[in-house]
Amino acid sequence: MADAARTEKTFFGQPRVLANLFGVEMWERFSFYGMQGILLIYLYYSTAQGGLGIDQTAATSIVGAYGGLVYLSTILGAWLADRMLGAERTLFYSAVLVMIGHLALSVLPGLLGVGVGLVLIALGSGGVKATATSLVGTLYAPGDVRRDAGFSLYYLGINLGALVGPILTGLLQSGLGFHYGFGLAAVGMAIGLAQYSIGRKHLTGKAREVSSPLPASRWPLVAGTAVAAVALIAVLAFTGVLTPDRLANVVVALSVIATIVYFVIILRSRRITVLERRRVLAFIPMFIASAAFWSLYQQQFTVVTIYSDEQLNRDIFGWEMPVSFVQSINPVFIIMLSGAFAALWTKLGSRQPSSPIKFALGTAMMGVAFLLFLPMAGDDPGSAPLLGLIGILFVFTIAELLLSPVGLSLSTKLAPEAFRTQMVALFFLSIALGTAMSGVLAQYYSPTAEAAYFGVLGAVAIALGLVLALLAPFLRRLMAG
């Protein structure tokens with residue numbers, strides 16, 4: 001095994017095919033965050049500024065609904081990988097969808113491009129999220145000591161893409177126009193897809209297995225359901241029932257319904273033990289805390305974008321920084337701090353805070369971040385200092401590192417043996433719910449009511465964190481080790 005590992009060390013000591021997954025995920029994140037960095041302002045900027053001139057409330061609803069749909073789509077992506085296509089093919093076709101979606105945004109005019117583009121990107125990104133991480137796991141045999149370092153390298157690629165994407169698309173948008181920025185996102189995804197296509201043949205074994213194949217007799221039912229769902233959405237859209245300003249509310253409702261269904265199915269199942277049922281119950285308060293956390297954190301793409309556009313002083317020695325550059329601040333801090341947090345938890349070992357306490361700290365820290373907007377509150381355009389917002393986004397990052405890495409891990413630890421995939425889906429549902437809620441909440445933001453907006457949401461998040469901290473001893477007993 002050691003000799004084999006030595007011959008494989010072709011990508012920073014890791015299996016060579018990791019470079020392929022590193023590349024496709026880096027470029028997918030480049031395109032995803034690059035597009036998202038300019039999406040909201042494209043929607044509400046006037047036509048004279050190159051935008052669509054949509055009402056700001058409807059624009060934030062669209063962005064929130066799109067973000068929620070990305071995470072809802074991870075459930076569909078995981079299902080396709082497990083039942084029909086296998087993880088490797090699901091990843092490939094999902095990346096193709098992402099590229100086509102960005103092309104639609106860059107080429108198709110107006111709301112047609114927005115509708116077609118965002119739906120395709122959301123479905124594709126969900127498929128990539130659902131499969132890419134699991135494919136990295138297939139590269140390592142049990143006990144391979146390179147596994148943790150390989151995942152660290154992989155996540156570095158994610159954050160490199162998230163860092164560079166908004167910078168380059170923002171420069172193109174401010175210099176040439178929005179469609180050039182969207183076009184660059186499409187080019188980035190095309191590069192990632194091309195390099196992945198060259199090396200995908202090396203992903204074999206479990207990467208190509210369909211773990212629970214769907215019987216051929218049920219394929220027509222699945223196809224019919226998909227067609228019916230698309231037809232229903234089209235009818236609702238064309239009849240005016242599904243309007244842009246309602247989209248985030250619709251995704252919130254779908255997320256809540258899916259969450260209730262999942263919890264009921266799991267808790268009522270005869271295939272789980274009493275101990276497993278208690279562990280699922282312990283996850284419910286943390287699901288709520290996670291949804292609350294993401295409803296604030298994902299406002300980087302709604303309220304924080306509007307704030308950066310209208311309230312932030314972006315003048316740097318006579319040069320006005322593009323709005324999208326703000327989206328690159330968080331990835332810088334993630335790259336700087338993620339290793340430090342990993343080292344801290346390793347050093348603390350058994351003395352580190354429990355998972356419920358980490359969730360509580362992450363939720364409360366997001367509340368603190370929102371309260372830090374209060375000293376800069378005011379309706380004077382361009383008055384908020386850039387360093388102040390950088391400091392707030394630093395706190396965002398600390399909150400993220402306290403909660404986000406723990407959530408997915410915890411969902412697998414608390415999962416009943418018969419429902420491992422569904423518990424992971426539940427964690428993604430908390431992100432979908434929170435992301436869609438970020439669009440709903442943003443509708444109440446205005447520069448004239450900043451103090452109330454940031455103050456109330458910050459106080460609520462801190463209160464939720466305190467409640468979860470008080471519940472921590474009880475939750476640890478339910479978790480039973």
Side-chain angles (χ1 to χ4, degrees), residues 20 22-45 47 49-52 59 62-63 66-67 70 92 94-129 132 156-198 300-301 304-305 308-309 314 319-332 334-335:
N20 234 17
F22 174 98
V24 72
E25 183 66 3
M26 181 184 72
W27 285 109
E28 191 271 336
R29 292 292 90 184
F30 171 94
S31 63
F32 181 87
Y33 284 104
M35 179 277 290
Q36 195 140 322
I38 60 176
L39 174 62
L40 181 61
I41 56 175
Y42 171 63
L43 295 175
Y44 74 73
Y45 269 19
T47 53
Q49 296 171 293
L52 299 183
I62 291 170
V63 172
Y66 156 71
V70 168
F92 177 78
S94 296
V96 171
L97 278 184
V98 171
M99 183 185 70
I100 296 172
H102 286 297
L103 279 173
L105 261 176
S106 64
V107 174
L108 297 179
L111 284 175
L112 176 63
V114 171
V116 174
L118 293 188
V119 169
L120 292 177
I121 295 168
L123 293 174
S125 293
V128 172
K129 281 181 177 294
L156 174 63
I158 292 175
N159 285 291
L160 284 175
L163 166 64
V164 178
I167 293 175
L168 295 185
T169 57
L171 286 173
L172 273 184
Q173 173 266 315
S174 60
L176 297 173
F178 284 100
H179 290 282
Y180 287 91
F182 295 139
L184 180 63
V187 170
M189 192 65 251
I191 293 172
L193 191 59
Q195 65 87 38
Y196 178 70
S197 299
I198 294 170
Q300 287 185 82
F301 306 110
V304 174
T305 297
S308 302
D309 178 37
R314 291 179 281 113
W319 173 71
E320 186 173 67
M321 183 183 79
V323 175
S324 66
F325 276 37
V326 172
Q327 305 302 333
S328 293
I329 296 172
N330 175 250
V332 171
I334 289 289
I335 292 169

Over all atoms of both residues, closest heavy-atom pair of S125 and E28: OG-OE2, 3.0 Å

Euclidean distance, L118 CG relative to L39 CG, rounded to 0.5 Å: 5.5 Å

Minimum-distance pair of heavy atoms, taken over all atoms of G37 and S324: O-CB, 3.4 Å

Test applied, side chain to side chain donor-acceptor pair (under 3.5 Å); reference residue, T305; option that passes from Q36, Q300, Q327: Q327

Flag if over 12 foreign heavy atoms under 6.0 Å of OH, Y180: no

Nearest-0.5 Å distance that lies between atom OG in S94 and atom CE in M99: 13.0 Å

Atom pair CZ/CE of F32 and M35 - distance to nearest 0.5 Å: 6.5 Å

Pairwise distance CD1(I41) to CG(L52) - rounded to 0.5 angstrom: 11.5 Å

Parallel, tilted or perpendicular: rings of F178 and Y42 (30°, 60°): tilted

Note, F325 side chain near L171 side chain (heavy atom, < 4.5 Å): yes

Side-chain donor/acceptor of T169 to backbone N/O of G34, under 3.5 Å: yes

Rounded distance (nearest 0.5 Å) linking atom OH of Y196 with atom CZ of F22: 16.0 Å

Side-chain heavy atoms of Y33 within contact of N330, under 4.5 Å: no

Contact summary for S308 and V323, nearest pair of heavy atoms: CB-CG1, 4.2 Å

Closest non-hydrogen atom pair, K129 against R29: NZ-NH1, 3.4 Å

pair V114-L105: side-chain heavy atoms closer than 4.5 Å: yes

pair V119-L123: side-chain heavy atoms closer than 4.5 Å: yes

Side-chain heavy atoms of M321 within contact of V326, under 4.5 Å: yes

Beyond-backbone contact of F92 with S197, side-chain heavy atoms, under 4.5 angstrom: yes

Over all atoms of both residues, closest heavy-atom pair of S174 and P322: OG-CG, 3.9 Å

Approximate separation, where rounding is to 0.5 Å, of L43 CG and Y66 OH: 11.5 Å

Side-chain heavy atoms of V24 within contact of Q195, under 4.5 Å: yes

I38 side chain near F182 side chain, heavy-atom distance below 4.5 Å: yes

Shortest non-hydrogen contact from E25 toward A132: OE1-CB, 4.0 Å

